[in-house]
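Below, chains carry the letters A, B, ... as their sequence lines are ordered, and counting in each starts from 1.
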Amino acid sequence: MPELPEVETTRCGIEPHVLEKKIRSVELRERQLRWPVPANLGDLVSDRKVQSVGRRGKYLLIDTGNGTVMIHLGMSGSLRIVPGKTPAEKHDHVDFRLQDGNALRYRDPRKFGSIHWIEGDPMDHPLLVSLGPEPLTGEFDGDYLFRQSRKRKAAVKTFIMDSHVVVGVGNIYANEALFRSGIRPARAAGRVTRQKFELLAFNIKQILAEAIKVGGTTLRDFIGGDGEPGYFKQSLNVYGRGGLPCRECKSILKEIRLGQRSSVYCSQCQK
DNA sequence: ACGAAGCCCTGCAAGC
DNA sequence: TGCTTGCAGGGCTTCG
């Protein structure tokens with residue numbers, strides 16, 4: 001389940017292997033993802049040289065000069081570099097064959113991901129144009145969250161997971177950031193104090209930055225490996241620990257559902 | 001404008 | 001052991 005740190009780790013991992021490289025051809029084995037992959041993607045990018053590998057939220061942006069390939073990994077997707085002859089396995093849907101003999105391989109068992117072709121400025125694309133700020137920039141802080149949340153009755157956890165508020169805060173890190181900040185996930189966003197939002201914004205940045213840092217140490221796995229950054233083993237305080245004792249105060253962690261997402265919190269530590 | 005619910009898909013776990 | 005059922009999950013879309 002790629003969250004923003006995994007997407008950024010993926011971006012860093014593939015960048016040195018595709019930047020300035022020419023795409024020779026594209027093999028589409030499965031076009032039915034979240035949205036259909038353009039059938040003529042191969043024609044559009046063949047013989048094009050990759051100009052940059054960017055990211056906006058959880059969308060990867062591969063600029064080929066005449067347009068941009070926009071890739072989302074959904075929750076089970078991965079992108080990795082494989083030697084050209086590596087046989088495709090069951091869920092390996094797309095290969096971008098590179099001039100150097102390697103291929104950039106897209107795998108996505110659950111097909112929640114997507115691949116778009118964008119001409120013109122990718123930031124004008126409907127899926128990107130109304131996204132909230134990047135969490136690791138100065139634009140995102142406690143004051144921003146406070147201002148955006150006034151009169152909002154939605155649960156604060158749902159609020160910070162809304163990509164129109166801020167991008168890249170998935171379920172796992174939302175749970176963890178709220179725990180660290182001492183805020184109950186179900187609390188109405190409009191009733192969270194400015195001070196608590198300062199803390200929350202700080203913790204979101206901290207957690208995402210930590211995860212990206214750890215992900216960076218496993219970059220070698222991107223070549224030929226399974227493409228799974230190993231940082232996931234990091235100890236989580238609440239996510240996946242419903243019914244278990246809180247690591248801080250030992251009381252039993254509660255698990256509820258908010259917006260159809262599992263939410264775990266400590267009723268002692270979080271108010 | 002906001003919020004709640006629905007939907008897409010597959011692997012895995014639990015139940016029989 | 002093998003089959004069936006249920007569920008998780010990102011995020012867009014639809015409906016109220």
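Of the listed nucleotides (C:dG11, B:dC8, B:dG11), B:dG11 has the atom at the smallest distance from the side chain of A:His91. Checking C:dT13, C:dG11, C:dG9 against the side-chain heavy atoms of A:Met75 singles out C:dG9 as nearest. Counting only heavy atoms from C-beta on, A:Pro109 has its side chain closest to B:dT10 among B:dT10, C:dT13, C:dG9.
The CZ-C1' distance, from A:Phe112 to C:dG11, rounds to 9 Å in whole Å. To the nearest angstrom, C1' of B:dC2 lies 12 Å from CZ of A:Phe159. Distance, A:Arg150 CZ to B:dG3 C1': 17 Å, rounded to whole Å. As a whole-Å value, the separation of A:Glu3 CD from C:dG11 P is 8 Å. Atom CG in A:Leu258 sits about 13 Å away from atom C1' in B:dG3, given to the nearest Å. Rounded to whole angstrom, the span from the CD atom of A:Gln260 across to the P atom of B:dA5 amounts to 7 Å. Note: CD (A:Glu89) to P (B:dG11) measures 13 Å, nearest angstrom. Taking atom NZ of A:Lys111 as the reference point, atom P of B:dC8 lies 13 Å away to the nearest angstrom.
When heavy atoms are screened at a 4.0 angstrom cut-off, A:Leu73 is found touching no nucleic acid atom at all. Among the protein residues, A:Ser262 comes within range of the sugar-phosphate backbone only, with heavy atoms under 4.0 Å from sugar or phosphate atoms but none that close to a base.
For the pair A:Ala186 and A:Ile256, the tightest heavy-atom approach, listed with the atom from each and the gap, is CB-CD1, 4.1 Å.
Contact annotation: A:Lys153 side-chain N/O to B:dC2 OP1/OP2 distance is not under 4.0 Å. Contact between the side-chain N/O atoms of A:Lys151 and the OP1/OP2 oxygens of B:dC2 is not found at any separation under 4.0 Å. The side chain of A:Arg257 contributes an N or O atom lying less than 4.0 Å from OP1 or OP2 of C:dA8. OP1 or OP2 of B:dG3 lies within a sub-4.0 Å distance of a side-chain N or O belonging to A:Arg152. Put simply, A:Tyr239 has no side-chain N or O that comes within less than 4.0 Å of OP1 or OP2 on C:dA8. Remark: A:Ser163 is in phosphate contact with C:dC12, judged by side-chain N or O atoms under 4.0 Å from OP1 or OP2.
Annotation: of the two residues near DNA chain C, A:Gly168 and A:Glu255, the 5′-most nearest-nucleotide partner is A:Glu255.
Using modelled atom types, one side-chain atom of A:Glu30 and one backbone atom of A:Gln32 make a donor-acceptor pair closer than 3.5 Å. Formation of a donor-acceptor pair under 3.5 Å by the A:Arg31 side chain with backbone atoms of A:Val37 is found in this model.
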*Could you please spell out the steps behind the salt bridge (charged side-chain N to carboxylate O under 4.0 Å, His left out) verdict for A:Lys22 and A:Asp47?*
CA-CA 6 Å; A:Lys22 199 179 263 190; A:Asp47 296 324; 5.2 Å; no
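Side-chain contact, A:Ser25 with A:Arg97: a donor N or O sits under 3.5 Å from an acceptor N or O.
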